[in-house]
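This report refers to the structure that appears directly beneath it.
Just so you know, residue 1 is the first one in the sequence shown, and it goes up from there. In what follows, every heavy atom counts, from backbone to side chain, and hydrogens, waters and symmetry copies are set aside.
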Amino acid sequence: MRLDKYLANMGFGTRKEVKKLIKNKRVAVNEKIETVDKRQVDEYEDYVTLDGEEVVYQKYFYYMLNKPAGVITATIDDFEPTVLDIFSDQDFRMDLSPVGRLDKDTEGLLIITNDGALSHRLLSPKKHIEKEYLVKIDGIMTSEDVRRVASGMQIDGGELCLPAELIIDEVDEENEETTARIVLQEGKFHQIKRMVHTLGKEVMYLQRIRMGQLYLDEQLDLGSYRELSEEEITRLEKR
Ligand code: URA
């Protein structure tokens with residue numbers, strides 16, 4: 001890979017900016033100042049420094065975002081703010097994408113990565129990776145609803161869902177509202193809203209709280225993100 005690309009990939013500026021760093025003799029390869037921006041470097045073998053500090057090459061990036069309502073799960077959009085707009089200039093990369101989709105009004109755990117293979121595995125219904133949601137519902141959920149969700153229900157009179165789990169946490173009889181969790185192994189379009197609607201009730205609030213065995217970090221403010229640890233990345237694919 002070209003030296004300027006290597007540095008730009010690692011977030012040290014645009015191609016133009018990093019060319020300047022190289023020209024100004026601030027970059028060394030294997031302890032020798034390098035002034036040729038198209039010099040080829042091996043990202044795993046060569047020792048690259050900027051102002052004497054090692055530039056460690058990282059191919060994949062993994063972030064947990066606590067998605068707020070009001071932003072769309074897309075990379076760029078001309079009209080609406082996207083989840084990638086939340087990223088700082090330092091962390092933003094063109095190849096980052098969200099893993100799956102949360103509706104504009106849904107909050108909570110969203111993984112953002114440039115590891116396309118991991119993303120694919122997490123979303124494949126065949127892998128049965130669980131996604132758990134906290135749901136506030138207008139209406140009272142019943143044990144019959146639990147049974148219907150568990151048996152793999154049809155939504156909109158057609159589409160068949162995989163068996164899922166409905167856990168009723170709290171029923172407010174007076175206001176006719178329910179707080180529940182729903183655990184899915186897939187992610188159909190508006191799936192939870194459509195399931196709840198089919199059961200004769202409506203979703204008032206939806207938040208994703210878990211993917212695989214990775215829970216949303218409660219310390220992470222709404223609208224904030226942070227990198228995942230190695231251990232957290234492995235927990236994503238645990239069942
Ligand atoms: N189900 C929905 O209806 N919306 C989401 O954002 C996620 C799951």
Side-chain angles (χ1 to χ4, degrees), residues 1-68 71-102 109-124 127 129 211-212 214 217 219-221 223-237:
M1 170 182 319
R2 283 174 61 131
L3 181 58
D4 53 359
K5 183 166 187 230
Y6 180 103
L7 291 167
N9 271 358
M10 287 308 97
F12 290 98
T14 60
R15 271 303 249 279
K16 203 168 152 196
E17 287 162 349
V18 300
K19 277 175 197 286
K20 223 181 205 167
L21 297 175
I22 297 167
K23 205 163 152 219
N24 291 342
K25 302 193 161 80
R26 293 174 59 188
V27 179
V29 179
N30 302 330
E31 318 231 20
K32 265 184 66 189
I33 296 291
E34 180 59 71
T35 53
V36 181
D37 52 23
K38 53 176 184 283
R39 149 86 195 253
Q40 290 289 319
V41 285
D42 179 324
E43 57 268 38
Y44 302 108
E45 293 291 330
D46 289 319
Y47 176 68
V48 179
T49 56
L50 170 64
D51 296 333
E53 295 277 328
E54 185 177 4
V55 178
V56 179
Y57 193 77
Q58 190 180 341
K59 187 169 180 194
Y60 293 123
F61 294 81
Y62 305 87
Y63 295 96
M64 170 192 290
L65 167 71
N66 187 356
K67 179 194 173 295
V71 296
I72 61 167
T73 310
T75 49
I76 33 169
D77 194 89
D78 285 341
F79 304 104
E80 311 231 45
T82 74
V83 288
L84 261 303
D85 291 338
I86 293 173
F87 278 63
S88 68
D89 290 348
Q90 176 103 31
D91 296 329
F92 177 82
R93 299 168 53 92
M94 289 293 280
D95 58 359
L96 286 175
S97 294
V99 177
R101 242 167 224 277
L102 292 178
L109 177 63
L110 189 65
I111 303 301
I112 312 257
T113 183
N114 60 345
D115 183 346
L118 174 87
S119 184
H120 185 75
R121 291 197 300 277
L122 291 175
L123 297 176
S124 165
K127 299 269 178 194
I129 303 289
M211 206 158 184
L214 181 69
D217 181 347
Q219 308 296 318
L220 195 63
D221 290 338
S224 303
Y225 66 91
R226 66 160 173 81
E227 265 197 88
L228 292 180
S229 66
E230 294 270 335
E231 190 270 331
E232 286 176 322
I233 297 163
T234 57
R235 246 191 285 152
L236 271 172
E237 293 191 77

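You'll find the side chain of Leu65 stays beyond 4.5 Å of the side chain of Pro98, heavy atoms only. Contact of the Phe12 side chain with the Glu17 side chain is not registered, since no non-hydrogen atoms from C-beta on lie closer than 4.5 Å. The shortest side-chain heavy-atom distance between Tyr44 and Lys59 falls under the 4.5 Å cut-off. Contact check for Ile233 versus Tyr60: no side-chain heavy atoms found under the 4.5 Å cut-off. The shortest side-chain heavy-atom distance between Leu118 and Tyr62 falls under the 4.5 Å cut-off. The side-chain heavy atoms of Lys127 and Leu122, taken from C-beta on, include no pair separated by under 4.5 Å. Residues Leu236 and Val99 are not in side-chain contact: their nearest non-hydrogen atoms beyond the backbone lie 4.5 Å or more apart.
Here Asn30 contributes atom CG and Asp46 contributes atom CG; the two are 4.5 Å apart, rounded to the nearest 0.5 Å. To the nearest 0.5 Å, atom OG1 of residue Thr113 and atom CG of residue Leu228 are 8.5 Å apart. Rounded to the nearest 0.5 angstrom, Lys67 NZ and Ile86 CD1 are separated by 8.0 Å. Atom CG of Leu109 is separated from atom CE of Met64 by 5.5 Å, given to the nearest 0.5 angstrom. Of the inter-residue distances, the one linking Met211 atom CE with Ile129 atom CD1 reads 8.0 Å to the nearest 0.5 angstrom. Expressed to the nearest 0.5 Å, how far CG of Asp37 lies from NZ of Lys19 amounts to 4.0 Å.
Nearest approach of Gly11 to Gln90, heavy atoms of both residues: O-NE2, 4.5 Å. Taking each heavy atom of Lys25 and Ile33 in turn, the nearest pair found is O-CD1, 3.4 Å. For the residue pair Val83 and Val71, the shortest heavy atom distance occurs at CG1-CG2, 4.0 Å.
Here salt bridge (charged side-chain N to carboxylate O under 4.0 Å, His left out) pairs that include residues 92-101, with residues two or more places apart or in two chains, are Arg93-Asp95. For residues 225-234, the set of pairs meeting the salt bridge (charged side-chain N to carboxylate O under 4.0 Å, His left out) definition, not counting sequence neighbours, comprises Asp217-Arg226, Arg226-Glu232, Glu231-Arg235.
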(message) Between Val41 and Tyr57, is the side-chain contact (heavy atoms from CB on, under 4.5 Å) condition met? List the steps.
(response) CA-CA 11 Å; Val41 285; Tyr57 193 77; over 6 Å; no
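By the side-chain contact (heavy atoms from CB on, under 4.5 Å) test, Asp77 pairs with Ile72, Phe79, Glu80, Thr82, sequence neighbours left out. The side-chain contact (heavy atoms from CB on, under 4.5 Å) check on Lys38 picks up Arg2, Val36, with sequence neighbours excluded. Taking the side-chain contact (heavy atoms from CB on, under 4.5 Å) definition, one finds that Lys20 meets it with Asn24, sequence neighbours left out.
The closest side-chain donor-acceptor pair between Tyr225 and Asp91 falls under 3.5 angstrom.
A side-chain donor-acceptor contact under 3.5 Å links Asn66 to the backbone of Leu220. Looking only at distances, no side-chain donor or acceptor of Asp4 sits under 3.5 Å from a matching main-chain atom of Val18. With Gln40 contributing its side chain and Met1 its backbone, the two residues share a donor-acceptor pair below 3.5 Å.
The side-chain contact (heavy atoms from CB on, under 4.5 Å) with Met10 is formed by just one residue from the set Gln58, Glu43, Lys5; it is Gln58.
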Taking distance alone, no hydrogens or angles, what donor-acceptor pairs closer than 3.5 Å link side-chain atoms of residues 47-56 to residues at least two apart or in another chain?
residue, atom, partner, partner atom, Å
Asp51, OD1, Arg26, NE, 2.9
Asp51, OD2, Arg26, NE, 3.4
Asp51, OD2, Arg26, NH2, 2.7

